[in-house]
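Naming convention: chains lettered A, B, ... in sequence-line order (proteins, then strands); numbering from 1 in each chain.
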Amino acid sequence: MTRLSQAFIPTLKDAPADAEAISHKLMVRAGLIRQMGAGLWTYLPAGWRVERKVEAIIREEMEAIGCQEMLMPVLQPAEPWQKTGRYEIDELFKLDDRKGSPLVLAMTHEEAVTYHVAREVRSYRDLPLMLFQIQTKERDEPRPRAGVLRTREFTMKDAYSFDRDEEGLSRSYEAQAGAYGRILDRCGLRWYKVESDVGMMGGSGADEYMAPCPAGENEVALAPGYAANVEVASATAQPVELPAAMDAPEKVATPGLTTVEEVSAALKVAPAALIKALPVVVEGRGLNMVLLRGDHRLNEIKLRNALGADFRQAKPEEIDAEIGPTGFIGPVGAKVPVIKDTAIAGAGLICGANQPDTHLRGVQPGRDFAFEELDVRTVEAGDTAPGGGTIEIEPAIEVGNIFKLGTRYSVPLGATFLDEGGVEHPIVMGSYGIGPARIVAASIEQRADERGIVWPASLAPWQVHLVSLAKGGEREREAADKLYGELEAAGAEVLYDDRDAGPGEKLTDAELLGCSLRIVVGRRGLAEGVVEASERDGGAEHKLPLEDAAAQALSLLDV
RNA sequence: CGGGGAGUGGCGCAGUCUGGUAGCGCACUCGGCUGGGGGCCGAGCGGUCGCAGGUUCAAAUCCUGUCUCCCCGACCA
């Protein structure tokens with residue numbers, strides 16, 4: 001099928017100097033991809049074969065749940081985007097045609113599918129409906145990074161479900177979730193389904209599929225029976241030893257000490273005994289003070305969700321004018337509403353006194369200040385998960401997500417149906433995305449070793465990497481040529497290294513490229529009438545008798 | 001958008017401070033030797049030093065502007 005002497009698979013001894021992520025380095029070195037610009041990548045033949053294997057698996061699993069494939073344009077009129085309010089998104093590429101009509105390059109296809117469904121679907125009899133495509137997406141990313149992990153142009157499998165009510169949506173959602181699990185399993189990934197932020201789209205539920213790996217951009221909080229994106233994770237904080245309670249707060253001089261570390265060191269208490277006050281300006285509410293335990297970090301997404309409104313950090317002049325001197329502010333006697341994080345509890349706490357160079361100790365929430373309690377901190381490794389397990393935090397790549405959209409798109413785009421009673425209702429939608437390139441990268445990140453890529457059998461660009469150590473015209477080469485023909489005839493996908501190169505180069509390239517089974521035909525083996533097969537994953541070696549090598553190789557592949 | 005770094009042959013880099021013949025390793029081409037882990041010898045090809053302007057007798061090198069790429073952060077339907 002493919003002879004390496006003729007193939008366009010440019011391997012590199014060294015990775016480009018600017019590559020950081022393992023998958024980025026190996027994909028470039030193995031000749032899978034090449035860069036054209038920031039976040040713009042070309043798939044070379046070997047890389048494209050892998051990507052298409054992922055797509056084939058996705059396609060099969062989508063069709064198995066009754067999801068129908070279609071294809072929508074990437075270049076679209078701006079109008080539906082203006083209707084849904086997404087025309088304002090910074091990441092959306094916008095352009096005009098020669099007549100001056102505004103167009104966009106789609107970043108997803110909710111507007112497009114909904115546009116079509118709105119025109120064709122009229123009756124409850126047309127529902128439920130599930131559609132998908134495997135199509136290019138364009139996003140003007142502020143910072144593309146890590147090879148194929150975060151790019152401005154990428155392929156996405158995006159599916160959309162259309163139901164008459166929430167119950168139907170839940171069924172479609174579960175069907176997709178089932179397919180997602182099968183897809184990721186078949187791709188050989190370690191993955192977690194985690195609760196995720198529904199974001200500004202305000203849907204009724206969302207889950208992300210995370211593949212843990214060092215290059216991951218997201219963090220997932222994991223415990224037995226619990227998995228959530230750190231963006232939304234919630235857990236019980238680790239306990240702290242607090243100073244003794246007091247009858248009333250007492251001032252203590254802390255000249256020039258403004259950070260948690262300085263104050264806790266000076267007063268000889270744990271950082272967790274302090275209350276950190278973060279002044280924020282909340283949309284529609286004005287200046288508020290958010291309180292966190294001294295050793296905790298604010299989770300902006302949780303705060304935004306809990307408030308149901310956007311917010312920003314207060315400016316120093318706003319703090320000085322309305323609360324007190326920056327670095328010494330606290331809730332006791334403050335003139336602004338106080339939001340206390342759940343993890344702050346007990347008595348004997350320490351906080352700023354709203355006076356220069358002064359803190360208060362012996363502070364007790366409720367007694368000394370009123371508050372609204374919200375869970376707004378970022379969970380940490382060692383916290384206790386809702387199920388009672390201990391939280392661990394791992395970096396992960398988001399390889400897919402599923403989302404209950406509700407009527408977010410059907411209402412502005414007029415996608416409605418008539419029920420049995422002739423009453424019009426908006427269609428209830430879901431959307432479901434998978435990034436094949438991220439699956440490829442995650443697979444490499446999770447499985448590669450120091451010699452190169454280690455593909456699972458389902459993703460390997462070729463099943464067999466056949467290496468002839470002899471050069472053209474030599475006797476040993478004829479045996480390799482013959483085996484190549486036999487493997488092909490038997491239906492195997494074979495990459496045949498027939499180059500006139502040294503053995504070191506050929507063997508190293510085979511390991512770099514990572515196909516499941518390498519078969520070496522060389523003088524040494526042929527002397528005993530065998531070829532040498534080795535499995536890339538695990539390294540098991542087998543000597544196959546020459547005359548039966550093709551058949552035995554195929555049976556090794558089935559394992 | 002903030003901070004940092006880099007653009008010199010296909011890849012990796014030196015040369016820039018202190019202006020004066022563009023260099024090294026790998027790759028590539030040709031010839032030969034070698035042949036189980038990127039081997040050796042010899043001969044070659046290939047670069048207006050990101051771009052534009054300026055200073056100078058003279059600019060990869062100094063000055064100004066600009067573009068691109070990478071990393072950290074912010075951001076990420």
Side-chain angles (χ1 to χ4, degrees), chain A residues 10-21 24-25 28-29 31 34-41 81 84-93 104 106-112 114 137-147 149-152 154 156 158 160 196-203 206 208 215 217-218 229 231 300-301 312-313 397-398 401-405 408-409 429-433 435 438 451-452 467-477 497 499-512 518 520-527 531-532 534 541:
Chain A
T11 56
L12 258 28
K13 213 185 284 189
D14 301 302
D18 52 26
E20 291 290 323
H24 180 188
K25 289 181 185 169
V28 172
R29 281 189 58 205
R34 285 293 184 268
Q35 188 168 23
M36 247 200 109
L40 300 171
W41 292 86
W81 294 78
T84 60
R86 294 171 93 200
Y87 191 65
E88 307 307 323
I89 293 173
D90 288 336
E91 280 75 29
L92 184 67
F93 278 110
V104 305
M107 50 198 300
T108 61
H109 283 72
E110 280 85 358
E111 279 79 1
T114 310
K137 303 286 180 268
E138 308 282 349
R139 292 185 190 177
D140 193 356
E141 287 288 347
R143 182 152 105 83
R145 59 177 292 270
L149 275 186
R150 179 162 219 92
T151 55
R152 293 194 290 179
F154 59 98
M156 182 187 237
D158 46 321
Y160 306 90
S196 76
D197 180 31
V198 293
M200 300 311 268
M201 308 315 298
E208 289 169 335
E217 301 185 280
N218 298 90
N229 193 318
E231 290 175 352
E300 296 191 11
I301 293 171
R312 63 168 172 85
Q313 285 191 3
I397 299 178
E398 180 188 351
N401 57 26
I402 57 178
F403 203 121
K404 290 184 177 175
L405 292 173
R408 167 72 178 76
Y409 293 90
M429 294 174 54
S431 82
Y432 315 91
R438 285 186 171 182
R451 297 182 163 198
V467 177
S468 166
L469 289 180
K471 288 191 175 179
E474 295 175 0
R475 275 237 324 282
E476 295 83 359
R477 170 59 72 85
D497 192 346
R499 294 174 299 174
D500 286 345
E505 192 175 345
K506 293 183 182 180
L507 297 174
T508 331
D509 272 355
E511 280 150 1
L512 216 206
R518 183 185 75 190
V520 174
V521 182
R523 188 174 295 163
R524 204 160 72 189
L526 289 175
V531 297
E532 295 133 288
S534 61
E541 310 218 352

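Checking the phosphate oxygens (OP1, OP2) of B/G35, no side-chain nitrogen or oxygen of A/Arg524 falls inside 4.0 Å. Considering only side-chain N and O atoms, A/Arg145 lies under 4.0 angstrom from the phosphate OP1 or OP2 of B/C72.
Base engagement by A/Asp509 is indicated by at least one non-hydrogen atom pair under 4.0 Å involving a base atom. Base contact: A/Arg518 has a heavy atom under 4.0 Å from a base atom. Note on A/Leu469: a base of the nucleic acid sits closer than 4.0 angstrom, heavy atoms only. Counting any heavy atom pair closer than 4.0 Å across all strands shown, A/Asn401 reaches a base atom. When heavy atoms are screened at a 4.0 angstrom cut-off, A/Gly433 is found touching no nucleic acid atom at all. Using a 4.0 Å heavy-atom cutoff across all strands shown, A/Glu110 reaches no nucleic acid atom at all. A/Ala21 comes within 4.0 angstrom of nothing in the nucleic acid, heavy atoms only. Residue A/Glu300 is classed as a sugar-phosphate contact, given heavy-atom separations below 4.0 Å to backbone atoms only. No engagement by A/Ala470 is indicated, since no non-hydrogen atom pair under 4.0 Å with the nucleic acid exists. Heavy atoms of A/Glu217 sit nowhere under 4.0 angstrom from any nucleic acid atom.
At a threshold of 4.5 Å between non-hydrogen side-chain atoms, the residues A/Arg499 and A/Asp509 count as touching. Inter-residue side-chain proximity for A/Thr108 and A/Arg86 is flagged as met; some heavy-atom pair is nearer than 4.5 Å. Looking only at side-chain heavy atoms (C-beta outward), A/Asn229 and A/Glu398 stay at 4.5 Å or farther from each other. With contacts defined as side-chain heavy-atom distances shorter than 4.5 Å, the pair A/Arg518/A/Leu507 qualifies.
Salt bridge absent: A/Arg408 and A/Glu110 never bring a charged side-chain N and a carboxylate O closer than 4.0 Å. The pair A/Arg145-A/Glu20 does not count as a salt bridge, with every side-chain nitrogen at least 4.0 angstrom from each carboxylate oxygen. Taking a cutoff of 4.0 Å between a charged side-chain nitrogen and a carboxylate oxygen, A/Glu217 and A/Arg438 qualify as a salt bridge.
Pairing of B/C57, defined by two Watson-Crick or G-U wobble distances under 3.5 Å, is identified with B/G20. When Watson-Crick and G-U wobble pairs are counted only if both distances are under 3.5 Å, B/C11 pairs with B/G25. Nucleotide B/C75 is matched to nothing when pairs are restricted to Watson-Crick or G-U wobble geometry with both distances under 3.5 angstrom. Across all strands shown, B/C33 pairs with B/G39; the Watson-Crick or G-U wobble distances both stay below 3.5 Å.
Nearest to the side-chain atoms of A/Thr108 among the listed nucleotides B/A77, B/A74, B/G37 stands B/A77. When each of B/G36, B/A77, B/C71 is scored by its nearest atom to the side-chain atoms of A/Val520, the top-ranked nucleotide is B/G36. Among B/C71, B/G37, B/C69, the nucleotide with an atom closest to any side-chain atom of A/Glu511 is B/G37. In this structure, the nucleotide among B/C26, B/C75, B/G37 sitting nearest to the side chain of A/Lys13 is B/C26. Listed nucleotides B/C69, B/A77, B/G37 differ in distance to A/Phe403; the shortest reach to its side chain belongs to B/A77. Nearest to the side chain of A/Arg150, among B/A77, B/C76, B/A74, sits B/C76. The side chain of A/Met107 sits closest to B/A77 out of B/C71, B/A77, B/G38. Checked against B/A77, B/G37, B/C71, the side chain of A/Arg451 finds its nearest nucleotide in B/G37. Of the candidate nucleotides B/C70, B/C75, B/A77, B/C70 has the atom lying nearest to any side-chain atom of A/Ala38.
Both A/Glu141 and A/Gly502 lie near RNA chain B, and the one whose nearest nucleotide falls closer to the 5' end is A/Gly502.
In this structure, A/Arg523 atom CZ and B/U34 atom C1' are separated by 11 Å, rounded to whole Å. The CG-C1' distance, from A/Asp158 to B/A77, rounds to 12 Å in whole Å. Nucleotide B/G31 holds its C1' atom 15 Å from the CG atom of A/Asp500, rounded to whole Å. Remark: C1' of B/C11 and CG of A/Leu512 are 14 Å apart, rounded to the nearest angstrom.
Across the C1' atoms, B/G65 and B/C72 are found 27 Å apart, a figure rounded to whole Å. Nucleotides B/A60 and B/A52 have their P atoms positioned 13 Å apart, rounded to a whole Å. Taking atom P in both B/C40 and B/A22, one finds a spacing of 31 Å when rounded to whole Å.
Counting heavy-atom neighbours within 6.0 Å of A/Arg34 CZ, excluding the residue itself, gives a total above 12.
Not a single donor-acceptor contact under 3.5 angstrom links the side-chain atoms of A/Glu505 to the base of B/G37.
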